[in-house]
Amino acid sequence: MLGVDLSCVATCSRGLEAVLLRELQALGIAGRARTGAVAFTGNWHQVACANLWLRTAARVLIFLAGGPCAGRDDLYSVAFAFPWEDLVWNGSTVAVQVAGRNAAFANTHFAALVVKDAVVDRLRTQKGFRPSVDVHNPDLRVVLHLEAAACGLYLDTSGEPLSHRGYRQKEAEAPLSECLAAGLLLLAGYNGGQPLLDPMCGSGTIVVEAALIATGTPPGYKRRFAFERWPFVTARALAEIKAKALAERKKPKAPIVGRDLSAHALKQARKAAKAAGMETVVRWEKGDVRELPKVEAGTLIVTNPPYGVRLGKEPELVALYRNLGDAVKRQGAGSTLWLLLGNSRLARHVGLKPAKKFQLHNGPLRCQFCSYPVVEGSFGRKNPA
Ligand SMILES: C[S@@+](CC[C@H](N)C(=O)[O-])C[C@H]1O[C@@H](n2cnc3c(N)ncnc32)[C@H](O)[C@@H]1O
């Protein structure tokens, strides 16, 4: 049976480990950053809080078993040795998902089958039943993590990735992952106390995440988590934790504004804000970045302009990056521009010198997240890039 102290891992997109570590610390949980994850030891109450509150984590996993893994027999032995009868109940559904790599398993589907067979064999011999497999919506999802010569088995307490907050509109074009959007804001030092502007907000992910931060709203408050289905979880009721969190929500101290050229994008953004319960705390404006109105000093301008990979073509985007840089230099003295950049060739056309750079991943795309402090009088200066 799983003990009181659970060995957990919160996974995240590479580059967000430090902010995820700080998020866990804010929950009173000490963590150890790894690549693409933060490990921590916690009880069920902390696992519930982590799922509800972490803005940058993709999933919260519990370590079950692991060992050296040179091939099929090793993997089967590790999986068969675990007391699945303590977790899997008669009538439940399971799925095995594979992450990482091991040379012995060029075909990760085969590795998943080995684990599934071991689970089924163990349950049949110990309990006399066999669970059904449901790859889409299982009661229990086992994550097999393969490394060069080792394997680890984890139980996924989240279910749907934590980025699925429940407010995303299906028709949104090139949206950022909600976890990455929250990560950008936290890396930029946003805490709800500063005015926040996304001048190319698209479907509004950065703005909605900012509203959730500024109001102290748990990002996962509208969704359910896998562990809520499990009879063996003895956490204090999640409903109670959620009710307390929602009762302590606050009004944002500063404006949160999303702008975009596209009426269609703004319609998606409005719907997303409404679905997130944030429609009253954000403001939307339609307009070209060239016509940016005066920006209050101290504003964090956080945005991800088109890169030329998914939206727009590179030569046309040169003008857009130049216009964006010119507009913030002209209108935003005392603010800080933060750009998620998927194309460094375009970045130099902003015409501002980056003060900080973070390496991030937007799905499979390697990106840079750069800050550009806009000082009084920077408009009209020679392009520093
Ligand atoms: C990559 S998308 C932003 C996606 C957004 N972060 C999200 O999560 O949905 C870039 C946005 O820039 C907008 N855009 C392009 N050119 C613009 C301009 N000149 N002024 C304002 N917005 C512009 C597009 O309409 C598009 O919505």
Side-chain angles (χ1 to χ4, degrees), residues 13 55-56 161 163-188 190 196-213 219 256-276 278 282-293 295 300-332 337-343 346-347 349-351 360-365 367-370:
S13 172
R55 299 180 194 279
T56 56
S163 56
H164 295 194
R165 322 279 208 222
Y167 65 74
R168 163 70 36 89
Q169 302 301 299
K170 286 199 187 78
E171 312 84 0
E173 271 180 62
L176 274 187
S177 141
E178 295 84 341
C179 293
L180 179 57
L184 300 182
L185 290 160
L186 296 176
L187 282 171
Y190 182 67
L196 188 282
L197 167 69
D198 180 348
M200 292 189 230
C201 68
S203 62
T205 320
I206 293 173
V207 175
V208 173
E209 289 297 320
L212 291 167
I213 293 172
I256 302 168
V257 181
R259 272 174 71 87
D260 202 286
L261 189 58
S262 156
H264 175 72
L266 285 169
K267 194 171 164 201
Q268 302 306 317
R270 277 203 179 85
K271 282 193 196 168
K274 185 156 194 250
M278 295 292 126
V282 296
R283 202 172 77 226
W284 304 104
E285 294 173 2
K286 184 171 177 308
D288 194 299
V289 82
R290 286 176 297 184
E291 288 137 27
L292 196 67
V295 176
L300 293 176
I301 307 172
V302 183
T303 196
N304 82 303
Y307 306 149
V309 177
R310 289 193 288 184
L311 284 179
K313 298 195 187 75
E314 192 170 322
E316 294 159 29
L317 293 175
V318 167
L320 177 66
Y321 279 66
R322 188 173 296 136
N323 291 338
L324 170 65
D326 286 353
V328 297
K329 280 182 273 183
R330 198 172 50 238
Q331 302 287 59
L337 174 65
W338 285 86
L339 293 179
L340 182 66
L341 299 160
N343 182 335
L346 289 169
H349 298 288
V350 174
L360 299 176
H361 286 78
N362 182 6
L365 295 175
C367 293
Q368 281 193 333
F369 185 49
C370 300

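When a ligand or atom number is given, it counts from 1 through the structure's own listing order.
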Can a donor-acceptor pair be found, under 3.5 Å and without considering hydrogens, that links the side chain of [X] to the backbone of [Y]?
X	Y	value
Gln169	Tyr167	yes
Ser163	Cys179	no
Arg168	Thr205	no
Asp260	Leu266	no
Glu209	Ala181	no

Contact between Pro199 and ligand 1, counting heavy atoms under 4.0 Å?
yes

Are any of the N/O atoms in [X] less than 3.5 Å from those in ligand 1?
X	answer
Asp198	no
Leu320	no
Asp288	yes

Option of least heavy-atom distance to [atom] (set: [options]):
atom	options	answer
atom 13 (C) of ligand 1	Leu180, Asp260, Val289, Leu184	Asp260
atom 9 (O) of ligand 1	Gly204, Ser203, Cys201, Gly258	Ser203
atom 23 (C) of ligand 1	Glu291, Met200, Glu285	Met200

State, to 0.1 Å, how close Trp338 and Leu300 come at their nearest heavy-atom pair, and which atoms those are.
NE1-CD2, 3.9 Å

Need the ligand 1 atom indices (1-based, order shown) with element for anything under 4.0 Å from a heavy-atom of [X].
X	answer
Ser262	25 (O)
Asn304	1 (C), 2 (S), 3 (C), 4 (C), 5 (C), 6 (N), 10 (C)
Thr205	7 (C), 8 (O), 9 (O)
Pro175	7 (C), 8 (O), 9 (O)

Residue part near ligand 1, for Ala181, under 4.0 Å between non-hydrogen atoms
neither

With sequence neighbours excluded, tell me which residues meet salt bridge (charged side-chain N to carboxylate O under 4.0 Å, His left out) with Glu291.
none

Set of residues satisfying salt bridge (charged side-chain N to carboxylate O under 4.0 Å, His left out) with respect to Arg55, sequence neighbours excluded
none

